[in-house]
Amino acid sequence: MEKADVIVIGSGQGGVPLAVDQARSGRRVVLFERGALGGSCINYGCTPSKALLAAAHAAGRARLAAPLGIHAEVTVDFARVMERVRGIRASFRQGIEQRLADAGVQIVHAEASFAGSSTVVGGGVEVQAPLVVINTGTGPTIPELPGLAGLPLLTNLNIFDLETLPRCTLILGGGYIGLELGQGLARLGSEVHIVHNHERLLNHEEPEVGEVLAEALRRDGIHLHLQSEVSQAVYQDGICALTLEDGQILRGEAALLAAAGRTPNTAALGAPAAGIALDKQGYVAIDEHFRTTAAGVYAIGDVARQPAFTHVSWEDYRRLQAILGGEERTRSDRVLGYAVYTEPQVGRVGLTLDQALAKGHRARSVTLPMAHIARAIEWGHDLGFYRLVVDEDTDKILGATLVGYEAAEIVHVLLAHMQADSTWKVLEQSVHIHPTYCEALPSLARLLKQ
Ligand SMILES: Cc1cc2nc3c(=O)[nH]c(=O)nc-3n(C[C@H](O)[C@H](O)[C@H](O)COP(=O)(O)OP(=O)(O)OC[C@H]3O[C@@H](n4cnc5c(N)ncnc54)[C@H](O)[C@@H]3O)c2cc1C
Ligand SMILES: NC(=O)c1ccc[n+]([C@@H]2O[C@H](COP(=O)([O-])OP(=O)(O)OC[C@H]3O[C@@H](n4cnc5c(N)ncnc54)[C@H](O)[C@@H]3O)[C@@H](O)[C@H]2O)c1
């Protein structure tokens with residue numbers, strides 16, 4: 001058996017920098033990875049999806065430019081789109097490999113499992129270390145629907161390997177992945193149907209968010225089947241027939257994409273036998289300091305049911321590093337921002353009004369429709385709104401929801417105010433540049449004076 005100072009399982013967004021930092025400080029680090037180095041984000045998540053969306057949105061903007069007096073005929077070279085996507089993915093992956101190699105991390109390209117709380121085995125290697133960090137992420141959930149098992153499904157794991165654009169794509173799930181990839185494939189020329197089992201898309205967000213996105217997706221020609229589930233799936237020789245609960249049958253030459261949520265990658269770990277407790281859904285149970293139920297074993301990122309975003313997993317690493325270095329940090333005092341990269345985008349930070357009220361804040365919200373923003377009128381962006389939630393006792397900004405052009409960028413203005421513990425009055429007094437989208441943020445705050 002080999003001895004090491006640190007074992008990292010999974011080369012996700014937290015595991016890689018942690019392994020590198022630990023190795024750079026002179027410790028012997030062994031990292032187990034069963035797939036491609038760099039985890040979901042680089043290989044089958046953020047990077048390829050956003051590279052695909054760059055092409056798709058270029059096509060979509062050109063097609064929707066008629067109201068500006070521009071009539072474009074769009075031709076999509078799907079093979080070139082995907083070649084570029086895979087090229088970016090390969091270069092990012094190579095960067096990770098180089099970082100790990102430069103730091104002297106020993107990599108075991110194999111699936112890891114626990115042979116005791118401080119002993120990990122995989123690929124014929126057995127290693128023991130006083131510190132083990134689990135960063136194994138999640139994989140796609142395949143819904144248990146009659147006929148679905150064994151069908152040639154697309155998931156986020158294989159969709160970026162497509163060589164040809166599906167003529168038609170049927171998507172199960174109207175969450176982040178379903179909407180981003182659905183709009184992406186539609187804008188590249190596929191006929192897209194999204195089957196979603198709630199009355200609104202992105203049902204975890206405020207109702208208006210899903211309503212705006214539904215309108216935007218319909219303008220892209222996407223067929224939405226809301227409050228709907230598949231009762232039977234049949235797939236043969238490229239022809240798919242999905243029977244929906246209302247009896248409607250979606251039939252044709254189609255690809256099927258499962259975008260119905262995530263399942264933690266813990267099945268192979270043998271964690272419970274090593275004294276590492278999982279929760280009911282199989283996520284690793286952790287405390288405020290990322291500690292699992294086994295001494296010396298920590299978990300970070302998606303597998304620990306942290307909000308499933310790359311920047312959260314990365315920030316988990318930074319916090320865990322600080323905790324291991326003796327600092328008093330916890331995992332839950334962050335200002336959480338995130339975004340959905342549809343067009344229009346959704347930029348979110350902090351609490352919604354309902355969440356703020358539920359937490360006991362005396363909270364209030366104000367909303368500015370996109371149609372009242374000069375920049376939006378000039379650019380012809382009529383869909384969306386900006387919403388701000390504040391604490392009436394302290395004037396602190398508690399959260400914001402922005403739906404509109406590049407909202408993922410613009411929301412950082414509010415994130416910075418929140419991180420700095422600033423108030424809506426400071427925002428209201430700021431003189432933002434005309435004519436920008438950000439100019440609307442002090443105007444939004446000004447509504448609180450009425
Ligand atoms: C299509 C898609 C788009 C996304 N877009 C965004 C986005 O735009 N912005 C954003 O912030 N987030 C996005 N996400 C979420 C983001 O990818 C994850 O939150 C992020 O990758 C954090 O993951 P992680 O560090 O927890 O682990 P991961 O990145 O999932 O890495 C886990 C690694 O562990 C390995 N592994 C698993 N089990 C074992 C084992 N037993 N032994 C050895 N290795 C193992 C896996 O192979 C994998 O490489 C997206 C996700 C998807 C699927
Ligand atoms: N922009 C980003 O940051 C980004 C992009 C993609 C993914 N992600 C991360 O990945 C996670 C997973 O994304 P996701 O879209 O797979 O999951 P999700 O949980 O966001 O959405 C899945 C949706 O599918 C619906 N659903 C489940 N089973 C269904 C069925 N049988 N038929 C119809 N609908 C069904 C659910 O109601 C749910 O709303 C997200 O939570 C997010 O954190 C982030």
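Just so we're clear, the structure is a prediction, and the values are computed from it rather than from any experiment. All values below come from the heavy atoms of this structure, side chains included, with hydrogens, waters and symmetry mates left out. Just follow the structure's listing: the first ligand is 1, and inside any ligand the first atom is 1.
The distance from atom CD1 of Ile7 to atom CD of Gln106, rounded to the nearest 0.5 Å, is 10.0 Å. Between the CG atom in Leu414 and the CG atom in Leu398 there is a gap of 12.0 Å [rounded to 0.5 Å].
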Between ligand 1 and the protein, find all N/O pairs closer than 3.5 Å and give the distance for each.
{"from": "ligand 1", "atom 1": "5 (N)", "to": "Lys50", "atom 2": "NZ", "distance (Å)": "3.1"}
{"from": "ligand 1", "atom 1": "8 (O)", "to": "Lys50", "atom 2": "NZ", "distance (Å)": "2.8"}
{"from": "ligand 1", "atom 1": "11 (O)", "to": "Thr310", "atom 2": "N", "distance (Å)": "2.9"}
{"from": "ligand 1", "atom 1": "11 (O)", "to": "His311", "atom 2": "ND1", "distance (Å)": "3.4"}
{"from": "ligand 1", "atom 1": "12 (N)", "to": "Thr310", "atom 2": "N", "distance (Å)": "3.4"}
{"from": "ligand 1", "atom 1": "19 (O)", "to": "Asp302", "atom 2": "OD1", "distance (Å)": "3.0"}
{"from": "ligand 1", "atom 1": "19 (O)", "to": "Asp302", "atom 2": "OD2", "distance (Å)": "3.0"}
{"from": "ligand 1", "atom 1": "19 (O)", "to": "Ala308", "atom 2": "O", "distance (Å)": "3.3"}
{"from": "ligand 1", "atom 1": "19 (O)", "to": "Phe309", "atom 2": "N", "distance (Å)": "3.2"}
{"from": "ligand 1", "atom 1": "21 (O)", "to": "Cys41", "atom 2": "N", "distance (Å)": "3.3"}
{"from": "ligand 1", "atom 1": "25 (O)", "to": "Gln13", "atom 2": "N", "distance (Å)": "2.8"}
{"from": "ligand 1", "atom 1": "25 (O)", "to": "Asn135", "atom 2": "ND2", "distance (Å)": "3.0"}
{"from": "ligand 1", "atom 1": "25 (O)", "to": "Ser313", "atom 2": "OG", "distance (Å)": "2.7"}
{"from": "ligand 1", "atom 1": "26 (O)", "to": "Asp302", "atom 2": "N", "distance (Å)": "2.8"}
{"from": "ligand 1", "atom 1": "29 (O)", "to": "Ser40", "atom 2": "N", "distance (Å)": "2.9"}
{"from": "ligand 1", "atom 1": "30 (O)", "to": "Ser40", "atom 2": "OG", "distance (Å)": "2.4"}
{"from": "ligand 1", "atom 1": "38 (N)", "to": "Arg34", "atom 2": "NE", "distance (Å)": "3.4"}
{"from": "ligand 1", "atom 1": "41 (N)", "to": "Ala112", "atom 2": "O", "distance (Å)": "3.1"}
{"from": "ligand 1", "atom 1": "42 (N)", "to": "Ala112", "atom 2": "N", "distance (Å)": "2.9"}
{"from": "ligand 1", "atom 1": "44 (N)", "to": "Arg34", "atom 2": "N", "distance (Å)": "3.2"}
{"from": "ligand 1", "atom 1": "47 (O)", "to": "Glu33", "atom 2": "OE2", "distance (Å)": "2.6"}
{"from": "ligand 1", "atom 1": "49 (O)", "to": "Glu33", "atom 2": "OE1", "distance (Å)": "2.7"}
{"from": "ligand 1", "atom 1": "49 (O)", "to": "Glu33", "atom 2": "OE2", "distance (Å)": "3.0"}

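Remark: the backbone N or O of Gly301 is paired with a side-chain donor or acceptor of Asp316 at under 3.5 angstrom.
Taking only nitrogen or oxygen atoms, main chain and side chain alike, Tyr176 reaches within less than 3.5 Å of ligand 2. Considering both main-chain and side-chain atoms, Leu145 never comes within under 3.5 Å of ligand 2 through any nitrogen or oxygen pair. For ligand 2, the polar-atom distance check against Glu180 finds a nitrogen or oxygen pair separated by under 3.5 Å. Backbone and side-chain nitrogen or oxygen atoms of Ile177 are examined, and one is located within less than 3.5 angstrom of a nitrogen or oxygen of ligand 2. Distances between N or O atoms of Leu172 and those of ligand 2 include no value under 3.5 Å.
Salt-bridge annotation for Arg218 and Glu215: absent, with no side-chain N of the basic residue lying under 4.0 Å from a carboxylate O of the acidic one.
With no hydrogens or angles considered, no side-chain donor-acceptor pair links Thr436 and Arg375 at under 3.5 Å. Side chains of Glu288 and Ser332: a donor-acceptor N/O pair is present below 3.5 angstrom, by distance only. Under the 3.5 Å distance criterion, with hydrogens and angles disregarded, no donor-acceptor pair is assigned to the side chains of Gln183 and Thr342. Looking only at atom types and distance, the side chain of Thr141 has a donor-acceptor partner in the side chain of Thr263 under 3.5 Å away. Side-chain contact, Asn135 with Tyr317: no donor N or O sits under 3.5 Å from an acceptor N or O.
The ligand atoms of ligand 2 that sit less than 4.0 angstrom from a heavy atom of Ala339 are 1 (N), 2 (C), 3 (O). In summary, the atoms of ligand 2 found under 4.0 Å from a heavy atom of His198, numbered by their order in the structure, are 37 (O). Atom numbering of ligand 2 starts at 1 in the shown order; those under 4.0 Å from a heavy atom of Pro143 are 31 (N). If you number the atoms of ligand 2 from 1 as listed, the ones under 4.0 Å from a heavy atom of Gly175 come out as 15 (O), 20 (O), 21 (O), 23 (C). Within the listing of ligand 2, atoms 1 (N) sit less than 4.0 angstrom from a heavy atom of Tyr341.
Ligand 2 lies within reach of Phe309, whose nearest heavy atom is under 4.0 Å from it.
Residue contacts with ligand 2 for His196 involve both N, CA, C or O and side-chain atoms from C-beta outward (heavy atoms, distance under 4.0 Å). Residue contacts with ligand 2, taken as heavy atom pairs separated by less than 4.0 Å, do not involve Ser49 at all. Heavy atoms of Ala259 found under 4.0 angstrom from ligand 2 belong exclusively to the backbone. At a 4.0 Å heavy-atom cut-off, ligand 2 does not touch Val230 at all.
The protein heavy atom nearest to atom 42 (C) of ligand 2 is Ala308 O, 3.5 Å. The shortest contact between atom 33 (C) of ligand 2 and any protein heavy atom is with Val195 O, 3.2 Å. Among protein heavy atoms, the minimum distance from atom 39 (O) of ligand 2 is reached at Asn203 OD1, 3.0 Å. In terms of protein heavy-atom proximity, atom 34 (N) of ligand 2 is nearest to Asn197 N, 3.2 Å.
Other residues, nucleotides and ligands contribute more than 12 heavy atoms inside 6.0 Å of the CZ atom of Arg86.
Nearest heavy-atom pair, Ala407 versus Val346, reported as atom, atom and distance to 0.1 Å: CB-C, 4.2 Å. Shortest non-hydrogen contact noted between Leu320 and Phe290 is N-CE1, 4.1 Å.
Classified by interplanar angle (parallel below 30°, tilted 30° to 60°, perpendicular above 60°), the ring pair Phe309/Tyr338 is parallel. Between His381 and Trp379, the ring planes lie tilted relative to each other; the angle falls in the 30° to 60° range.
When Arg348, His225, Arg262, Glu229 are checked for heavy-atom proximity to atom 32 (N) of ligand 2, Glu229 turns out nearest.
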